[in-house]
Amino acid sequence: MIRITFPDGSVREYQKGISSYEVAVSVSPRLAADVYSATVNGELRDLSRPIDTDATLKLHKWDDPEAKHAFWHSSAHLMAEALESLYPGIKFGIGPAIESGFYYDVDPGEGKVITDADLPVIEDRMKELAAKNSPIVRNEVSKKEAMELFTKKGDEYKTELISELEDGTITLYRLGNFTDLCRGPHLPDTSSIKAIRVLSLAGAYWRGDEKRKMMTRIYGITFPKQKMLDEYMVMIEEARKRDHRRIGKELELFAFSPKVGMGLPLWLPKGADMKQRLTDFMTRVLKERGYVMVSTPHIGNVELYKTSGHFEKYGADSFRPITTPQEGEVFMLKPMNCPHHCEIYNATPHSYRDLPIRMAEFGTVYRYEQSGELHGLTRVRSFTQDDAHHFCRPDQLKDEFKSIIDLVQYIFKIAGFNEFTAQISLRDPSNKEKYIGSDENWEKAERAIIEAAGEKNLTTSIAIGEAAFYGPKLDFMVRDAIGRRWQLGTIQVDYNLPERFELTYMGSDNQKHRPVMIHRAVFGSMERFVAVLIENTAGKFPLWLTPDQAVILPISEKFNDYSKTILNFLNNSDIRTLIDDRSEKIGKKIRDNELKRIPYLLVIGEKEVESGTVSVRRQGEGDKGVMKPDEFISLIKDEISKEIGI
RNA sequence: GCCUCCUUAGCUCAGUGGUAGAGCAGCUCACUCGUAAUGAGCAGGUCGUGGGUCCAACUCCCAUGGGAGGCUCCA
């Protein structure tokens with residue numbers, strides 16, 4: 001007999017060799033039906049594997065990521081089984097579970113392609129195979145045996161993976177006729193895979209290396225119930241409706257034109273208006289926080305970027321240089337504001353008493369991004385950063401970091417980004433030659449970031465080896481409608497530029513010292529920030545920011561004169577107001593303006609004219625009753641004050 | 001840049017070899033209306049562009065522009 005300890009501390013005795021699944025059944029058959037994998041003595045395991053010793057056991061139900069992982073990983077194997085039966089000779093790369101679903105990278109063979117039209121066929125075959133309820137069988141073999149098996153099969157991708165594994169036991173999992181190299185864990189069989197959808201195709205370089213073969217990546221998702229798949233598809237569809245590219249077009253915020261060039265956004269009046277409002281707001285906040293505003297040109301002499309080191313590192317991947325016709329001077333489109341800011345620093349002498357200097361600019365930069373990378377407003381070739389550089393003494397580093405984290409937290413809160421993630425990127429200590437700067441400086445900077453984040457109660461993850469070559473950084477990421485993460489805010493320590501630009505300040509010891517530089521952005525870029533804001537709000541912007549705050553809806557033309565009086569009154573009181581005086585019925589006007597996400601609709605008919613009032617309707621909430629125009633203005637001002645405190 | 005797919009009216013989309021169609025939006029007219037779609041009429045496209053095959057191409061083929069989803073990249 002063996003003793004199994006459950007997460008609640010209770011202990012039960014079982015026959016040696018019982019499986020986790022059998023344990024689940026003994027607790028409750030209902031539980032067993034919703035369990036997909038188990039953690040035995042801290043090790044993630046198949047439900048069907050026997051337990052031979054006393055153990056702690058946690059059974060993973062669907063809501064646990066571990067359960068979904070096993071479910072989707074087994075689904076990837078099911079898809080592979082289907083693919084192998086449909087495309088004999090197909091070769092397999094890797095096929096993991098991901099956040100939502102799974103994929104498998106395959107090589108269909110020379111001259112063969114899998115296209116979108118094949119997806120339903122694959123899906124149907126998966127359904128047939130799943131219905132067989134075949135067991136998924138775990139098998140331990142030696143490295144040599146595994147190598148022989150996949151060599152015989154001609155699966156060179158698998159043999160490459162095996163050759164890199166440690167000697168010792170290698171686990172294989174067999175489902176039907178398909179055997180895969182795999183660590184597991186897996187479902188006991190395919191009986192629980194009830195709903196299957198093969199979603200999409202993509203190219204993916206083998207092992208993420210662009211010099212190697214382009215595999216075909218097939219994405220899919222599965223669920224234990226059809227209803228869950230239906231709900232998932234509805235959710236995806238809802239997310240698509242929030243896509244900033246779609247809403248941006250609908251609300252006439254921005255556009256792209258092939259004539260202007262890909263990745264070069266055009267801000268339409270309403271979008272430009274909003275962007276300006278964000279800029280004004282940020283400028284006010286920055287001034288309160290001790291920043292000074294500067295302004296620099298859109299181009300700079302190539303020597304500037306040679307000094308900064310950007311030319312050497314990115315020159316080949318930049319827009320081609322611009323040359324003057326007479327003198328042949330060479331300029332670059334500005335890819336960064338920092339070199340310019342360094343020269344601003346150098347334009348005047350600095351005492352240690354002046355520091356920190358917080359120099360900010362809404363600077364438009366131009367970067368050559370690969371065409372396949374461009375994406376709406378989130379990845380463009382021309383964008384405006386809310387850029388700033390802190391020039392400080394080494395002893396001020398941590399406080400400066402804290403002030404920036406505080407600023408980011410403040411702005412994100414106002415923007416409603418409550419679910420951002422923060423990542424600290426440190427250098428890879430085993431690869432020091434990739435980075436510039438002394439060990440001492442790196443350690444100091446990394447410690448300052450970690451401590452500052454801790455003192456601001458910021459939950460962070462740490463990524464080793466993700467630092468920039470010139471210093472560690474802290475990035476703030478927010479998700480878009482379909483779950484992709486975009487970096488908005490960033491804080492980066494830089495020891496490189498102060499050196500290269502020979503920045504100095506006079507210390508209390510009457511000696512010249514080198515300041516430390518911190519690059520930081522909060523919005524990241526105006527473009528990306530607006531994009532994420534659109535997707536997070538579905539276009540229902542906060543009142544202070546939205547292009548049009550109110551629309552007046554006269555019930556008929558008879559009330560147009562009074563309505564226009566109100567229109568002027570509100571606009572003169574800084575309420576951004578429009579009038580919809582089309583000869584349409586009131587229901588139609590309400591519908592159209594609700595769809596335009598106008599926060600307040602003011603209905604005006606005979607009653608309102610007689611009593612000198614407006615009838616207020618809040619978007620999404622319906623009729624709020626009548627009030628005097630003055631009261632409406634207070635209502636709006638109060639709401640804005642709650643949003644941004646003015 | 002690479003892989004797969006898409007590209008028809010301002011927007012969303014039908015149209016599988018016989019020289020283009022709907023809904024919404026727009027314009028005109030009528031209606032003058034009370035909280036999410038009033039009715040009628042009109043107008044709008046060299047089917048992204050350039051080649052080719054064919055008696056005939058929106059439709060098939062090639063090239064190219066643009067877009068989507070990924071991969072690689074992202075100072």
Side-chain angles (χ1 to χ4, degrees), chain A residues 98 103 105 107-108 113-119 199-219 240 243 245-246 249-250 252 255-259 261-263 305 308-315 317-318 334-339 365 367-376 378-381 385 387 468-471 473 482 484 486-487 490 492 494 496-497 519 553-560 581-595 601-608 615-626:
Chain A
I98 53 176
Y103 67 78
D105 283 350
D107 174 2
V113 285
I114 296 175
T115 72
D116 288 350
D118 300 316
L119 300 185
L199 293 166
S200 61
L201 283 173
Y205 298 110
W206 171 235
R207 315 209 78 181
D209 184 344
E210 63 182 320
K211 291 185 194 71
R212 305 197 65 179
K213 191 170 172 67
M214 179 67 73
M215 311 278 288
T216 304
R217 178 169 296 180
I218 308 173
Y219 286 91
R240 273 194 233 284
D243 190 310
R245 292 165 299 186
R246 178 189 179 123
K249 192 181 270 184
E250 253 177 63
E252 300 181 354
F256 288 90
S257 152
K259 281 206 182 83
M262 58 164 105
Y305 305 108
S308 71
H310 290 116
F311 185 78
E312 194 195 350
K313 198 156 170 58
Y314 296 102
D317 298 317
S318 297
K334 174 167 75 173
M336 297 282 293
N337 302 300
C338 31
V365 297
R367 295 179 186 175
Y368 171 76
E369 305 284 3
Q370 297 186 92
S371 60
E373 261 314 319
L374 300 172
H375 181 92
T378 50
R379 194 78 188 268
V380 287
R381 287 177 169 174
Q385 297 178 312
D387 204 3
F469 70 95
Y470 49 75
K473 60 178 181 169
I482 57 173
R484 283 180 295 220
W486 295 97
Q487 180 208 299
T490 181
Q492 311 183 357
D494 187 348
N496 179 39
L497 288 184
H519 307 250
L553 310 178
I555 286 185
S556 84
E557 286 166 18
K558 286 189 294 195
F559 314 113
N560 279 359
D581 56 6
R582 295 175 301 165
S583 82
E584 289 290 350
K585 291 175 87 164
I586 192 66
K588 167 78 165 164
K589 292 189 189 183
I590 287 171
R591 178 182 158 79
D592 287 351
N593 287 287
E594 286 270 350
L595 290 174
L601 304 184
L602 305 177
V603 177
I604 289 178
E606 197 165 351
K607 274 189 315 201
E608 288 75 18
S615 178
V616 177
R617 190 189 156 97
R618 172 80 226 210
Q619 122 133 133
E621 294 175 22
D623 199 347
K624 294 280 174 187
V626 295

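All values below were derived from every heavy atom in this structure, side-chain atoms included, with hydrogens, water molecules and symmetry-related copies excluded. Within every chain, numbering begins at 1; the chains are lettered A, B, ... in the order of the sequence lines, protein sequences first and strands thereafter.
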A:R367 CZ to B:C74 P, in whole Å, measures 11 Å
Regarding A:Y470, tell me which of base, sugar-phosphate or nothing describes its non-hydrogen contacts under 4.0 Å with the strands shown. sugar-phosphate
Keeping A:R381 on the side-chain end and A:Y368 on the backbone end, is there a donor-acceptor pair under 3.5 Å? no
Which nucleotide, B:G67, B:U12, B:C74, lies nearest any side-chain atom of A:K249? B:U12
Taking any heavy-atom pair under 4.0 Å as a contact, classify A:V113: base, sugar-phosphate, or nothing. sugar-phosphate
Does the protein touch nucleotides 33-48 of chain B at the base, only the backbone, or not at all? Give it as B, S and - per nucleotide, heavy atoms under 4.0 Å. BBBBBB----------
Taking every heavy atom of A:G605 against every heavy atom of A:I555, the minimum-distance pair comes out as CA-CD1, 4.0 Å
With rounding to whole Å, what would you report as the distance between B:A14 and B:U8 at their C1' atoms? 10 Å
Quick check on RNA chain B: between A:Q492 and A:R207, whose nearest nucleotide comes earlier from the 5' end? A:R207
Gap between atoms CE and P, on A:M336 and B:C74 respectively (whole Å): 13 Å
Side chains of A:N560 and A:D581: is there a donor and an acceptor less than 3.5 Å apart? no
Electrostatic pair A:K558:A:E606 at N-O distance under 4.0 angstrom: no
Which whole-number value in Å describes the distance from A:H310 NE2 to B:C74 C1'? 13 Å
If you draw a 6.0 Å radius around CD in A:E621, do more than 12 non-hydrogen atoms from other residues or ligands fall strictly inside? yes
Across the strands shown, which category fits A:T216 at heavy-atom distances under 4.0 angstrom: base, sugar-phosphate, nothing? nothing
Taking all atoms of both residues into account, what is the closest heavy-atom pair of A:L553 and A:K589, and its distance? CD2-CB, 4.0 Å
Integer-rounded Å distance: B:C5 P and A:I218 CD1: 13 Å
Can you tell me the distance, in whole Å, between the CG atom of A:D209 and the P atom of B:C73? 9 Å
Looking at A:R367 and A:P335, would you say the former's side chain and the latter's main chain have a donor-acceptor pair under 3.5 Å? yes
Does a side-chain N-to-carboxylate-O contact under 4.0 Å join A:R245 and A:D243? yes
Testing B:C73, B:C5, B:G1 for proximity to the side chain of A:E369, the answer is B:C73
Examine the base of B:C74 for any acceptor or donor lying under 3.5 Å from a partner atom in the side chain of A:R379, and report the outcome as yes or no. yes
Given atom CZ of A:R582 and atom C1' of B:C31, what is their separation to the nearest angstrom? 15 Å
Give me, pair by pair, the N or O atoms of the protein and of nucleotides 68-70 of chain B that are less than 3.5 Å apart, along with how far apart they are.
{"unit_1": "B:A68", "atom_1": "OP1", "unit_2": "A:R245", "atom_2": "NH1", "d": "3.0"}
{"unit_1": "B:A68", "atom_1": "O3'", "unit_2": "A:R245", "atom_2": "NH1", "d": "3.4"}
{"unit_1": "B:G69", "atom_1": "OP1", "unit_2": "A:R245", "atom_2": "NH1", "d": "3.2"}
{"unit_1": "B:G69", "atom_1": "OP1", "unit_2": "A:R245", "atom_2": "NH2", "d": "2.7"}
{"unit_1": "B:G69", "atom_1": "OP2", "unit_2": "A:R245", "atom_2": "NH1", "d": "3.2"}
{"unit_1": "B:G69", "atom_1": "OP2", "unit_2": "A:H375", "atom_2": "ND1", "d": "3.2"}
{"unit_1": "B:G70", "atom_1": "OP2", "unit_2": "A:R484", "atom_2": "NH1", "d": "2.9"}
{"unit_1": "B:G70", "atom_1": "O3'", "unit_2": "A:Y219", "atom_2": "OH", "d": "3.4"}
{"unit_1": "B:G70", "atom_1": "O2'", "unit_2": "A:Y219", "atom_2": "OH", "d": "3.3"}
{"unit_1": "B:G70", "atom_1": "N2", "unit_2": "A:G203", "atom_2": "O", "d": "3.2"}
{"unit_1": "B:G70", "atom_1": "N3", "unit_2": "A:G203", "atom_2": "O", "d": "3.3"}

Interatomic distance, A:E252 CD vs B:A25 C1' [rounded to whole Å]: 11 Å
Just to be sure I follow the notation: if a pair is Watson-Crick (purine N1 to pyrimidine N3 plus N6-O4 or O6-N4) or a G-U wobble (N1-O2 and O6-N3), each under 3.5 Å, what dot-bracket string does RNA chain B give, with | for pairs to another strand? (((((((..((((....[..)))).(((((.......))))).....(((((..]....))))))))))))....
Note: for A:C338 and A:F256 on RNA chain B, the residue whose nearest nucleotide lies more 5' is A:F256
